[in-house]
*Asks:* 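Please see the structure below; I have some questions.
Note that the coordinates shown come from a computational prediction; the quantities given were computed from them, not determined experimentally.
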Amino acid sequence: MKTSAAVDAPQKSFDGPLDWRTLVGWLREDGVISAEEAERTTARCASAHSSQHPLQRLAVVGMARAADHHVLDVEALTQWLAKRSGLEYMRIDPLKVDVGKVADVMSAAYAERHKVLPVQVSASEVVVATAEPFIRDWVPEVERQTRRTVRLVLSSPQAINNFTGEFFALAKSVRAASKTGAQGFNSFEQLVELGKANKQLDANDQGVVQVVDWLWQYAFDQRASDIHLEPRREQGVIRFRIDGVLHPVYQMPIGVMNAMTARIKLLGRMDVVERRRPQDGRIKTLRPGVGGARGDEVEMRLSTLPTAFGEKLVMRIFDPESTVKDLSALGFAPHDAQRWEGLTKRPHGIVLVTGPTGSGKTTTLYATLKRLATEEVNVSTVEDPIEMIEPAFNQTQVQPHLDLDFAQGLRSLMRQDPDIIMVGEVRDLATAEMAVQAALTGHLVFTTLHTNDAPSAIMRLMELGIPPYLINATVLGVLAQRLVRTLCPACRKPQDVDETAASRTELAELVKPWQVSGSYRPYQPVGCVDCRMTGFRGRMGLYELLVVTEAFKDKVSGEPKLDALRKQAVQDGMRPLRLGGAARVAEGQTTMDEVLACTPPVQ
């Protein structure tokens, strides 16, 4: 990286560890802070003793940048120092670090002594992160030991300190687990012994316990919604789904992954020995709190599946806050939120929620039922499996091996004096008939279907065998939904004038025959620390709400065609999914590519 002569001067004249006084002088010399700010910082730092790295110490002071008066945090100061010292700045992304390889470069004690951390290893080069750019006496030793060239990058001392302990502890735990897991767990006897060892928590298996604990904590920190443990031919692969996208996290010996899977199955009260058939389980754990305080409860739903190379395990993580979100937080536009509220206040009938797996149907239903479940209302559910335990509901788990399916569960529930019923999914005619019967006898029924859009749900009910007159008598409305990634509010940037004009024209073509009107403020992704350089952070719902009107019932009563039902629903106020997505693009909350990827065309 090329630097100016003014920037190069300190690098040539300075040697040794950094100190805060030198950094304040350089900040003032480079015009990053004003003279007054430099004096204020010097006075504050001189009056307090701290063992923190100078960059962290200055970040605590909260210096204001001279150009825009923004507070200089540790990342901003690290980026400035990287430019000043002529090194590349790197934000350490743990999802992109091969912990096993970097832990072999040097010992944990060596890394801590020199305040460095290997982050990338190739055949000819080792990339090492440091927060002391002018201490390089250790470089020749590492190059001699690894027989690779060392390339230095500058990272924040806070990140180096945190990840040094985490990476080396994980590598140590995997090595410890490998001693018990390297032989594999393919035989019946070995699996039984693993189960016994985990129950007794012998010291030899402590590595497996630590790796599983790390895995969960890491997933919570990274905002993962799903954890995938996937056995492959040579090794096991761990992947996280974050904001709807899968990210590879770690690769480990297949024996260690087998041991991890067995421990998680044991904690989830699953059959540890049985690996030939799929199983479901559930674990409730605690998120570590701040300052040693008790953290929030987190529920995880477990699912195993036999594969060619072993047993795959997927853990779905449920956010405890998802059931208390209001409609606007879920992504409902005011137009649809008002109509949805009207449907949920009806005394009886069926409300359908449709969409593919992972589109947020459960979150919408739980958030709605949570608000309806007052002390005067009996809310009962039949689910397969129970997604989240909610104290305000009476929840029943479908158990096919006991002849308790959706239809039988709903039939039994009818004798429990419910006010509101939620059926996990209408899969067959028997369940659909029981839902219709419940609606006809004065109950409000919520359930889900897998269809592409809202009008298709009516056709799906007919295909199952429900006659049109019963559909008209019971169905109140259908909500179709999708999840779309939202732009990171910290780094998104507005499109320029030419791009805005072009995207507005493209958007107008996509939503025809609808018209784009009103303000139009499109943004584009950039990438920053908060969003892990993806440009996106979090997801929101896109909704298509069909309310059954008398005119719509007339269409159903004849010989209904999907196009006719869709046209009538639009006339009654339904706004297609893609139109809802276009509105979010115009508001700068997501991008057109995201909307196109998850919504069907306007018809």
Side-chain angles (χ1 to χ4, degrees), residues 1 3 7 10-11 14 16-20 22-23 26-27 30 32 50-60 63 71-122 125-139 142-143 146 148-171 218 221-222 247 249-250 490-491 526-534:
M1 181 181 295
T3 54
V7 172
Q11 183 177 352
F14 190 83
L18 297 169
D19 65 87
W20 66 267
T22 301
L23 292 178
W26 289 350
L27 287 164
D30 291 350
V32 178
S50 175
S51 60
Q52 290 180 310
H53 188 280
L55 289 175
Q56 292 175 283
R57 190 171 182 180
L58 293 178
V60 173
M63 297 180 294
V71 174
L72 291 167
D73 59 12
V74 68
E75 293 293 340
L77 289 170
T78 304
Q79 292 182 46
W80 160 79
L81 182 60
K83 184 179 294 185
R84 174 93 189 187
S85 61
L87 294 180
E88 176 189 349
Y89 165 77
M90 174 180 284
R91 173 189 170 273
I92 301 175
D93 185 350
L95 294 182
K96 298 179 180 179
V97 176
D98 189 331
V99 179
K101 286 185 178 180
V102 302
D104 289 337
V105 171
M106 61 182 68
S107 66
Y110 190 90
E112 291 175 356
R113 181 165 69 251
H114 293 284
K115 300 293 187 292
V116 297
L117 178 64
V119 290
Q120 293 177 11
V121 181
S122 65
E125 183 182 65
V126 178
V127 180
V128 181
T130 180
E132 291 286 354
F134 306 111
I135 300 180
R136 307 187 183 187
D137 54 351
W138 52 270
V139 172
V142 173
E143 290 183 333
T146 62
R148 293 177 173 90
T149 302
V150 170
R151 177 164 65 90
L152 286 179
V153 296
L154 200 68
S155 299
S156 75
Q158 184 175 343
I160 292 175
N161 183 59
N162 292 342
F163 290 124
T164 297
E166 184 174 306
F167 289 171
F168 284 99
L170 172 61
Y218 194 20
D221 291 342
Q222 298 297 319
H247 298 267
V249 175
Y250 195 72
C491 66
V526 177
C528 67
V529 174
D530 289 344
C531 63
R532 297 178 41 258
M533 308 307 294
T534 63

*Asks:* Can you give me the closest heavy-atom contact between P157 and V74, atom names plus distance?
*Replies:* CD-CG2, 4.1 Å
*Asks:* Minimum heavy-atom separation for R136 to S85, with atom names?
*Replies:* NH2-O, 4.5 Å
*Asks:* CG/N161 to CG/L117 distance, rounded to the nearest 0.5 angstrom?
*Replies:* 10.0 Å
*Asks:* Specify the closest pair of heavy atoms between E132 and P17, including all atoms of both residues, with the distance to one decimal.
*Replies:* OE1-CA, 3.4 Å
*Asks:* According to the interplanar angle, ranging from 0 to 90°, do the rings of Y110 and H114 count as parallel (below 30°), tilted (30 to 60°) or perpendicular (above 60°)?
*Replies:* tilted
*Asks:* Look at the side chain of R148 and the backbone N and O of S122, then say whether any donor-acceptor pair between them is shorter than 3.5 Å.
*Replies:* yes
*Asks:* Does the pair E125/R151 count as a salt bridge with the N-to-O cut at 4.0 Å?
*Replies:* yes
*Asks:* Which distance, rounded to the nearest 0.5 Å, do you find between the CG of D30 and the NZ of K83?
*Replies:* 9.5 Å
*Asks:* Over all heavy atoms of both residues, which pair between A59 and L77 is shortest? Give the atoms and the distance, please.
*Replies:* N-CD1, 3.8 Å
*Asks:* Please report the interatomic distance SG(C528) to CZ(R91), rounded to the nearest 0.5 Å.
*Replies:* 8.0 Å
*Asks:* Mind checking whether W26 and F134 have parallel, tilted or perpendicular rings, split at 30° and 60°?
*Replies:* perpendicular
*Asks:* Report yes if the side chains of L55 and W20 come closer than 4.5 Å at any heavy-atom pair, otherwise no.
*Replies:* no
*Asks:* Is there a side-chain contact between E143 and T149 in this structure, where contact means two heavy atoms from C-beta onward sitting under 4.5 Å apart?
*Replies:* yes
*Asks:* Test V119 against every option in V127, V126, D98, V128 by the side chain to side chain contact (heavy atoms under 4.5 Å, CB included) rule and name the one that passes.
*Replies:* V127
*Asks:* Say whether, by atom type as modelled, one donor and one acceptor occur between the side chain of E88 and the main chain of V153 under 3.5 angstrom.
*Replies:* no
*Asks:* For the residue pair P133 and L81, establish whether any side-chain heavy-atom pair is separated by less than 4.5 Å.
*Replies:* yes
*Asks:* With rounding to the nearest 0.5 angstrom, report the OG1 to CG distance, T130 to L87.
*Replies:* 8.0 Å
*Asks:* Please give me the minimum heavy-atom distance between A131 and L154, naming the atom from each residue.
*Replies:* CA-CD1, 3.9 Å
*Asks:* I'd like to check V102 versus V97 (side-chain heavy atoms, cut-off strictly below 4.5 Å). Are they in contact?
*Replies:* yes
*Asks:* Check whether any side-chain heavy atom of K101 lies under 4.5 Å from a side-chain heavy atom of P118, and answer yes or no.
*Replies:* no
*Asks:* Is a side-chain N or O of S155 found less than 3.5 angstrom from the main chain of M90, in a donor-acceptor match?
*Replies:* yes
*Asks:* L18 vs H53, test: side chain to side chain contact (heavy atoms under 4.5 Å, CB included). Steps then yes/no.
*Replies:* CA-CA 8 Å; L18 297 169; H53 188 280; 4.1 Å; yes
*Asks:* For a quick test of reading the model, state the closest non-hydrogen atom pair linking I92 to P94 and the distance between them.
*Replies:* O-CD, 3.5 Å
*Asks:* Heavy atoms, side chains only, cut-off 4.5 Å: are E75 and Y89 in contact?
*Replies:* yes
*Asks:* List the steps, then state whether side chain to side chain contact (heavy atoms under 4.5 Å, CB included) holds for V142 with M106.
*Replies:* CA-CA 8 Å; V142 173; M106 61 182 68; 4.1 Å; yes
*Asks:* If I take atom CD from residue Q56 and atom OG from residue S51, how far apart are they, to the nearest 0.5 angstrom?
*Replies:* 9.0 Å
*Asks:* Is there a side-chain contact between I160 and V116, using heavy atoms and a 4.5 Å cut-off?
*Replies:* no
*Asks:* Kindly indicate whether the side chain of V105, heavy atoms from C-beta on, has any atom under 4.5 Å from the side chain of V121.
*Replies:* yes
*Asks:* Taking K115 for the side chain and E112 for the main chain, is one N or O donor matched with an acceptor at less than 3.5 Å?
*Replies:* yes
*Asks:* Within the side chain of N162, is there an N or O that forms a donor-acceptor pair under 3.5 Å with the backbone of Q158?
*Replies:* yes
*Asks:* Do E166 and Y218 have a side chain donor and acceptor closer than 3.5 Å?
*Replies:* no
*Asks:* Which value, rounded to the nearest 0.5 Å, describes the distance between F163 atom CZ and D93 atom CG?
*Replies:* 8.0 Å
